[in-house]
K.L.:
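First the structure, which I've put down as structure tokens, then a few questions once you've had a look.
Atoms within each ligand, like the ligands themselves, are counted from 1 in listed order.
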Amino acid sequence: MDGPADLRMKRIPLNHGTGRIPALGFGTLIPDAAVTITATRDALEAGFRHFDCAERYGNEREVGKALQAGSAAGNIAREDIFVTTKLWNSNHRPERVEPAFEASLERLGLTYLDLYLIHTPFAFQPGDDQDPRDQNGNVIYDQGVNLLDTWKALETLVDHGKCRAIGLSDVGLIELKPIYESARIKPAVVQVESHPYLPETELLEYCKERGIVLLAFAPLGHGMKPGLLEDPIIVSIAARVKKTPAQVLLAWAIQRGTALLTTPRTADRARENFDISALSADALDEINRIQTRQRLNTVVSTGVPGFIPKGG
Ligand SMILES: NC(=O)c1ccc[n+]([C@@H]2O[C@H](COP(=O)([O-])OP(=O)(O)OC[C@H]3O[C@@H](n4cnc5c(N)ncnc54)[C@H](OP(=O)(O)O)[C@@H]3O)[C@@H](O)[C@H]2O)c1
């Protein structure tokens, strides 16, 4: 567990490239275009400097516009923000990787990305249909490509200079280990669901030993109620330290050495989620002793995201 330095400013060095990833990240999985723009600007204004996007979220253009307008208004340099996006399942074929990357870059209005992730380890039928289904409604997977082929195409993106670092998302040790062992450029970041009900301790230890950053999504359990925000231990610690349950959960995630993604949609919530401070070792231990176990996303076993409206 990390000590009580300013958690809001913490940046974690990556194992390749020159970048350091801000531990406190803002996620852009927001179905509504107008809300994407306001929420992204509010997050930037509140102090967030790490933005997580994906071609599958269908809103890279809106995120790009909000970042441009917000950066100009706040006099924030491109080098001061860290932007990630993700390769979708229907673009795993090596020849599709660079065009997909360039298309994301164009939509975001950027000249380079700080991080590019393979969104899930599942390859879908290659093509422009992001959700290819057979006549029975089952996903059509692509047996003609494996994860290492796709990874090698990402390594080439790093060689070409517009992509500073690469990583994986929605993987477990079973997928990560073989990629780590064969990769010429090792994964810098692994983005997975993680919170006190799904601490992913074994994966976190593996990553820490190799200088891979574990980037936790759903640190608030997607805000679902009942859920983490109403957990009696979280609520009692929050009352004791005069913070909100959300702030307690975010501080815990950063102090245990992960980076995180949270998605506040209003300016008040953006300020709340940015205004975190370190918890005592006792409070961290209490959270570590929570026994409830719950995974909210089945994307790790199917490649199908649970929180994106079909066609969205
Ligand atoms: N790789 C993947 O497969 C994957 C999957 C899912 C997410 N992600 C990434 O992770 C990001 C984080 O999303 P998440 O859903 O996991 O984030 P989260 O922060 O765990 O949950 C967001 C939800 O929590 C609520 N919330 C936010 N701040 C709150 C606060 N201070 N108090 C009470 N409720 C609060 C929001 O409610 P309101 O809507 O009412 O504001 C929203 O519904 C996404 O945007 C995306 O970038 C990646």
K.L.:
Looking only at the aromatic ring of each residue, does the gap between the centers of Phe82 and Phe51 stay below 6.0 angstrom?
P.N.:
no
K.L.:
I'd like to know if the side chain of Thr244 and the backbone of Gln247 have a donor-acceptor N/O pair within less than 3.5 Å.
P.N.:
yes
K.L.:
For Gln191, give me all partners under side chain to side chain donor-acceptor pair (under 3.5 Å), at least two apart in sequence or on another chain.
P.N.:
Asp52
K.L.:
Is it true that a side-chain atom of Lys186 and a backbone atom of Tyr180 form a donor plus acceptor pair closer than 3.5 Å?
P.N.:
yes
K.L.:
Heavy atoms only, cut-off 4.0 Å: how does Arg269 contact ligand 1, side chain, backbone, both, or neither?
P.N.:
side chain
K.L.:
Residue-level breakdown please: for Ala54 versus ligand 1, do any non-hydrogen atoms fall below 4.0 Å on the side chain, on the backbone, on both, or on neither?
P.N.:
neither
K.L.:
Examine the proximity of ligand 1 to His119 and report which part, side chain or backbone, both or neither, has a heavy atom under 4.0 Å away.
P.N.:
side chain
K.L.:
Number the atoms of ligand 1 from 1 as they appear, then name those within less than 4.0 Å of a heavy atom of Gly27, with their elements.
P.N.:
11 (C), 44 (C), 45 (O), 47 (O)
K.L.:
With respect to Ala218, determine whether any N or O atom, backbone or side chain, lies less than 3.5 Å from an N or O atom of ligand 1.
P.N.:
yes
K.L.:
Is it the side chain (CB and beyond), the backbone, both or neither of Leu229 that lies under 4.0 Å from ligand 1, heavy atoms counted?
P.N.:
side chain
K.L.:
Can you list the atoms of ligand 1 that are under 4.0 Å from a heavy atom of Pro219?
P.N.:
20 (O)
K.L.:
Assess, by modelled atom type and distance only, whether the side chains of Ser104 and Glu60 contain a donor and an acceptor separated by less than 3.5 Å.
P.N.:
yes
K.L.:
Under 4.0 angstrom from ligand 1, any heavy atom of Asp170?
P.N.:
yes
K.L.:
Is it the side chain (CB and beyond), the backbone, both or neither of Glu272 that lies under 4.0 Å from ligand 1, heavy atoms counted?
P.N.:
side chain
K.L.:
Just by distance, do the side chain of Glu175 and the backbone of Gly172 share a donor-acceptor pair under 3.5 Å?
P.N.:
yes
K.L.:
Apply side chain to side chain contact (heavy atoms under 4.5 Å, CB included) to Ile37 and list each qualifying residue two or more places apart in sequence or on a separate chain.
P.N.:
Glu62, Ala66
K.L.:
Pick, from Glu193, His222, Arg56, the option with the minimum heavy-atom distance to atom 14 (P) of ligand 1.
P.N.:
His222
K.L.:
Under 6.0 Å between the ring centres of Tyr112 and His160?
P.N.:
no
K.L.:
Under 4.0 Å from a heavy atom of Ala246: which atoms of ligand 1 are those, numbered in the order shown and with their elements?
P.N.:
30 (C), 31 (N), 32 (N)
K.L.:
Please could you name the atoms of ligand 1 that Gly221 approaches to less than 4.0 Å, counting only its heavy atoms?
P.N.:
20 (O)
K.L.:
With a cutoff of 4.0 Å, is Pro305 in contact with ligand 1, counting heavy atoms of the residue only?
P.N.:
no
K.L.:
Between Thr266, Leu215, Asn273, which one has a non-hydrogen atom sitting closest to atom 31 (N) of ligand 1?
P.N.:
Asn273
K.L.:
Would you mind running through ligand 1 and noting each atom that sits below 4.0 Å from a heavy atom of Asp52?
P.N.:
9 (C), 46 (C), 47 (O)
K.L.:
Just to check, does Tyr57 reach to within less than 4.0 Å of ligand 1 when the distance is taken from its heavy atoms?
P.N.:
yes
K.L.:
Does Leu220 reach ligand 1 with a nitrogen or oxygen that is under 3.5 Å from one of the ligand's nitrogen or oxygen atoms?
P.N.:
yes
K.L.:
Any luck finding a side-chain donor-acceptor pair between His92 and Asp149 under 3.5 Å?
P.N.:
no
K.L.:
Begin with the C-alpha distance, continue with both residues' side-chain angles, and end with the deciding distance and a verdict on salt bridge (Lys or Arg N to Asp or Glu O under 4.0 Å) for Arg20 and Glu79.
P.N.:
CA-CA 11 Å; Arg20 294 188 311 143; Glu79 292 298 323; over 6 Å; no
K.L.:
Could you tell me whether the side chains of Asp142 and Gln125 share a donor-acceptor contact shorter than 3.5 Å?
P.N.:
no
K.L.:
List ligand 1 atoms under 4.0 Å from Gln191, heavy atoms only on the residue side.
P.N.:
1 (N), 2 (C), 4 (C), 8 (N), 9 (C), 48 (C)
K.L.:
Tell me which part of Thr28 gets within contact of ligand 1: side chain, backbone, both or neither, using heavy atoms under 4.0 Å.
P.N.:
backbone
K.L.:
Relative to the heavy atoms of Thr262, which atoms of ligand 1 are at a distance of less than 4.0 Å?
P.N.:
19 (O)
K.L.:
Do Val192 and Leu117 share a hydrophobic cluster, counting only Ile, Leu, Val, Met, Phe, Trp and Tyr and linking them when any side-chain heavy atoms are less than 4.5 Å apart?
P.N.:
no
